[in-house]
Amino acid sequence: MPDHIAIIMDGNGRWAQQRGLPRTAGHRAGAENISNVVDAAMKHGIKTLTVYAFSTENWKRPLDEVNALMALIPEFCTGKLKDMMKNGVRLRTVGRTDDLPALSRMALLGTIAKTAKNDKFTLNMALSYGGRAEIVDAVNKMLKEGRKSITEADFQNYLYAPDLPDPALIIRTGGEMRLSNFLMWESAYSEIYVTDTWWPDFSEADLVKALDWYATRDRRFGGIKTK
Ligand code: FPP
């Protein structure tokens, strides 16, 4: 079982379009689905889930779409707090969260603090996140400390969430075969599973399919088979 799964939640727009709804309705349904998938992941013994909720490139989307996504953050934090406390879910974030509007940032900080001691499951939200931005931010932290050279293990300590294991499995919904600047450093040896299912429709059965596929993978990390 993968300890850490990361998900590229794509297809909200197409899900909405198919129903004749605005794209923002797709994002709302997508935000709602995060909790379903957290419950399903917990049930199947996964400890950490990272979800790609907003990328550094998503700032280029129309203002009303960006605003709608930003408004979903406090809504999620307030609406899901009770369940997170009941189920022992800790909320964390990765990304340039200083760039988020104050309301979203404050809601996140509040929920992160309130759930900090929950230890059954970690929901890690990538917000204003870019894999390249993360690497550049890490390099700048290093330079500020006056470091001249570094090892891979040391570099890990400059990332946004150094304590999290690399994701063993990355799931992408919506059918596109690309990483879209997600976890560039951490995905070096991740297994990648792409499904055509749109994110708001991604269910426990879809997660189980991904986990079954993962179980068939032979993870060698560049080595050779030893048995
Ligand atoms: C990609 O679908 C999805 C996003 C850019 C945003 C993902 C965000 C959520 C699922 C909700 C976020 C939750 C919170 C609490 C902020 P797309 O819009 O590119 O879909 P399309 O490819 O079908 O157009």
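Note: hydrogens, waters and symmetry copies are ignored here, and every other heavy atom, side chains too, is used.
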For Ile150, does the CD1 atom sit with more than 12 other heavy atoms under 6.0 Å from it, leaving out its own atoms? yes
More than 12 heavy atoms of other groups within 6.0 Å of Met85 CE: yes
Using side chain to side chain contact (heavy atoms under 4.5 Å, CB included), reason through Ile5 and Thr48 one step at a time and then give a plain yes or no. CA-CA 6 Å; Ile5 295 183; Thr48 305; over 6 Å; no
Nearest heavy-atom approach of Pro165 to His4 is O-ND1, 2.7 Å
Do the side chains of Asn67 and Asp64 get nearer than 4.5 Å, heavy atoms only? no
Evaluate the ring planes of Tyr129 and Tyr52, with Trp represented by its six-membered ring, and classify them as parallel (under 30°), tilted (30 to 60°) or perpendicular (over 60°). perpendicular
Which atom pair, heavy atoms only, marks the closest approach of Thr173 to Phe202? CG2-CD1, 3.6 Å
Would one find more than 12 heavy atoms of other residues, nucleotides or ligands at under 6.0 Å from atom CD of Glu145? yes
Restricting to non-hydrogen atoms, name the atom on Ile171 and the atom on Ala210 that form the minimum distance, rounded to 0.1 Å. CD1-CB, 3.7 Å
Can you confirm whether Met42 sits close enough to Val89 that some side-chain heavy atom of one is under 4.5 Å from a side-chain heavy atom of the other? yes
Hey, what do you get for CH2 (Trp198) to CG (Asn12), rounding to the nearest 0.5 Å? 11.0 Å
Using the rule given for side chain to side chain contact (heavy atoms under 4.5 Å, CB included), can you reason through Gln156 versus Glu186, listing the C-alpha separation, both sets of side-chain angles and the distance that settles it, and then say yes or no? CA-CA 9 Å; Gln156 168 83 19; Glu186 300 85 341; 5.6 Å; no
May I ask you to check whether over 12 heavy atoms, not counting those of Arg28, lie within 6.0 Å of atom CZ? no
Only one of Arg147, Lys141, Glu134 passes side-chain hydrogen bond (donor to acceptor under 3.5 Å, both in side chains) with Tyr158, and that residue is Arg147
If you measure from the Lys or Arg side-chain nitrogens to the Asp or Glu carboxylate oxygens, is any gap between Lys80 and Glu32 under 4.0 Å? yes
About how many Å separate OG1 of Thr93 and CZ of Phe54, when rounded to the nearest 0.5 Å? 14.0 Å
Heavy atoms only: give me the nearest Val194-Glu176 pair and the separation to one decimal. CG1-O, 3.7 Å
Has the side chain of Thr195 got a donor or acceptor atom that lies under 3.5 Å from a matching backbone atom of Thr197? yes
Are side-chain N/O atoms of Ser203 and Asp206 paired as donor and acceptor at under 3.5 Å? yes
With no hydrogens and no angle check, do the side chains of Glu204 and Asn36 hold a donor and an acceptor under 3.5 Å apart? no
Taking atom types as modelled and ignoring hydrogens, do the side chains of Arg92 and Tyr160 form a donor-acceptor contact shorter than 3.5 angstrom? no
Would you call the rings of Phe155 and Trp185 parallel, tilted or perpendicular, where under 30° means parallel and over 60° means perpendicular? tilted
Return yes if some donor-acceptor pair links the side-chain N/O of Ser190 with the main-chain N/O of Ile170 below 3.5 Å, else return no. no
